[in-house]
Amino acid sequence: MPKKGTVRKAARKTARKTTRRTSSAARGGVPFRTVTPYLAVSDAAAAIDWYKRAFGAKELTRMPGPGGKIMHAEVMIGDSRVMLSDIFRGGDTGAPQTLGGTTSSMHIYHRDVDKLWRQAVAAGASVTMPLEDQFWGDRYGKLKDPFGHNWGLSFKAKMTKEEMERKRQQVMAAMAGGTDP
């Protein structure tokens, strides 16, 4: 006879799987969350491969377009879909490189943020803000992917309230002095 904890653990695992399978049905058959990012990139096929290496993305959909470009694609990163496509002449979006920057940032909250960080950096992400324990209580850092998109990675840091307050005071002092924290 299995131990009580083993039975409960198996029941929780089954419930999580059922929730994932039925979550689309619970949303009226819509396979997306309320807001789903759509990225314009200069090489969607390369971006999909990179998101697989860097963030463990799973490719769901790839629709070919003219000239070997990708008209539309979808990947899953964790429990979230991200849509993307190549940029097309006459379209209303552009890749960050063609626009001189981006106006948004993607954010991944991950249980093993240090491992995901190392994985993304090894895949070629540029560090724009080091991964550190931040004064607001998260272990947080920022990366730029090879396609020009910004990504924030974080998870709850193990810090005391005193450590958080000390870090907050340091950041506020730096900002008051006119420097970046």
Evaluate the side chain to side chain donor-acceptor pair (under 3.5 Å) criterion for residues Tyr51 and His149: first the C-alpha distance (whole Å), next the side-chain angles of each, then the deciding distance (0.1 Å), finally the verdict. CA-CA 11 Å; Tyr51 295 140; His149 292 281; 5.0 Å; no
Give me the atom names and distance for the closest heavy-atom approach of Leu143 to Ala120.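 In terms of heavy atoms, the two residues are closest at CD1-CB, 3.6 Å.
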Shortest non-hydrogen contact between Ala95 and Ser42, atoms and distance: CB-N, 3.8 Å
Is a side-chain N or O of [X] found less than 3.5 angstrom from the main chain of [Y], in a donor-acceptor match?
{"X": "Gln119", "Y": "Arg53", "answer": "yes"}
{"X": "Gln97", "Y": "Phe147", "answer": "yes"}
{"X": "Thr128", "Y": "Lys142", "answer": "yes"}

Following the transitive rule for hydrophobic clusters with a side-chain heavy-atom cut-off under 4.5 Å over Ile, Leu, Val, Met, Phe, Trp and Tyr, establish whether Ile70 and Ile87 coincide in one cluster. no
For the CE atom of Met159 and the CZ atom of Phe135, what is their distance to the nearest 0.5 Å? 10.0 Å
Are a donor atom and an acceptor atom from the side chains of Trp50 and Asp145 found within less than 3.5 Å of each other?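 There is no such pair between these side chains.
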Polar contact flag, side-chain donor to acceptor under 3.5 angstrom, His72-Thr61: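 Looking only at side-chain atoms, Thr61 and His72 do not form any donor-acceptor pair under 3.5 Å.
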Compute the ring centroids of Phe155 and Trp117, then answer whether they are less than 6.0 Å apart.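 They do not qualify: ring centres at least 6.0 Å apart.
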When you compare the side chain of [Y] with that of [X], does any pair of heavy atoms fall below 4.5 Å?
{"X": "Arg166", "Y": "Lys161", "value": "no"}
{"X": "Ile77", "Y": "Trp151", "value": "yes"}
{"X": "Met71", "Y": "Pro64", "value": "no"}

With sequence neighbours excluded, tell me which residues meet salt bridge (Lys or Arg N to Asp or Glu O under 4.0 Å) with Lys156. Asp138
Test Gln134 against every option in Lys167, Arg168, Met129 by the side-chain contact (heavy atoms from CB on, under 4.5 Å) rule and name the one that passes. Met129
Qualifying salt bridge (Lys or Arg N to Asp or Glu O under 4.0 Å) pairs with a residue from residues 113-135, counting only residues at least two apart or across chains: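 Every salt bridge (Lys or Arg N to Asp or Glu O under 4.0 Å) pair that includes a residue of residues 113-135, provided the two are not neighbours, is Asp114-Arg139, Asp133-Arg139.
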With sequence neighbours left out, what residues match Lys144 under side-chain hydrogen bond (donor to acceptor under 3.5 Å, both in side chains)? Asn150
Classify the ring geometry between Trp136 and Tyr140 as parallel (under 30°), tilted (30 to 60°) or perpendicular (over 60°).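 Taking Tyr140 first and then Trp136, their aromatic rings stand perpendicular (interplane angle over 60°).
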